[in-house]
Amino acid sequence: MSAMEKLLRLFLVDQQLSGLEGRLGAAQRFLDAQSAALADLKATRDSQNAQLRQLLAHIANIEGEGDTIQQRIDELRGKMNSSQTNKEYQALLVEVGKLTADKSALDEQALELMEKADELRASIKETDAAASERDKMQGVAKQDRDKRAAEIKDRVEALRAEREQLAADAPGDALRAYEARRDRFDESDDVMAPLVEQNLKRHEFTCGSCMMSVPIDIVTSLMSGRFSTCTSCGVILYLEEASAEKLTAGKK
Ligand SMILES: [Zn+2]
């Protein structure tokens, strides 16, 4: 087998592998998205719970403060009952009035915060519901990913083994050039592309990747199965069987 044919076989195996792994990759990406969304919801719930704890502590403080004021009011009322002079009574009355206003302001504040706490509890419930829904989706996504992974496992293993053999058998410099392009480009037709015949009689050929014209010496080199690249884009060229037959027939 020529260098070109060896690389071409490797290329075909790689295309099958990336097709299989691409489908698995889509399932994996979907699973990752579900996991990320679930993690977000859990983080939201944690922060909502922390907010609620803070709010409840704040309410407890305010209620404690209110209780202290109420005790003071009760004390002053007792003193009012046993007050000796009207002046003393009036002074106590003023203080009780002021403390009562303070107490009712605190009560109002506590009530507002309790309403906020209720709203927060409702939000936490919503977050929990969304998280449990997302958790189910993550479960389904994981099953799907695992199922696809299991489906392609044997085929992928066989192709990897085949690839290893083909790579070991390919000429070193051609293989290095091939692997370098594979690392550099995502699209397979940037790695290897067929020679495209435009006009056989006029010896017009183009590169299957960049569509630029391919000089005749490259065509000759391909016909003898040598490792050849496009002079315009650098893609590794190959001859399709049909083109090879035509070219050989044309030469005779
Ligand atoms: Zn090209």
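Just so you know, ligand 1 is whichever comes first in the structure, and atom 1 is the first atom listed for that ligand.
Under a 4.0 Å N-O distance rule, the pair D190/R181 does not qualify as a salt bridge.
Taking K116 as the reference, nothing meets the salt bridge (charged side-chain N to carboxylate O under 4.0 Å, His left out) condition, with sequence neighbours excluded.
In summary, the side chains of R148 and Q28 do not present any donor paired with an acceptor at a separation below 3.5 Å, with no hydrogens or angles considered. Defined by atom type and a distance below 3.5 Å, a donor-acceptor pair is present between the side-chain atoms of D74 and Q70.
Hydrophobic cluster membership of L92, counting Ile, Leu, Val, Met, Phe, Trp and Tyr whose side-chain heavy atoms lie under 4.5 Å apart directly or via other members: L52, L55, L56, I59, I62, I69, I73, L76, M80, Y89, L93, V96, L99, L106, L113, M114, L120, I124. Membership of an apolar cluster is not assigned to M211, as no side-chain contact below 4.5 Å to another ILVMFWY residue is traced.
At a cut-off of 2.8 Å, measuring from the Zn ion (ligand 1), the protein N, O or S atoms that fall short of it are C207 SG, C210 SG, C230 SG, C233 SG, waters left aside.
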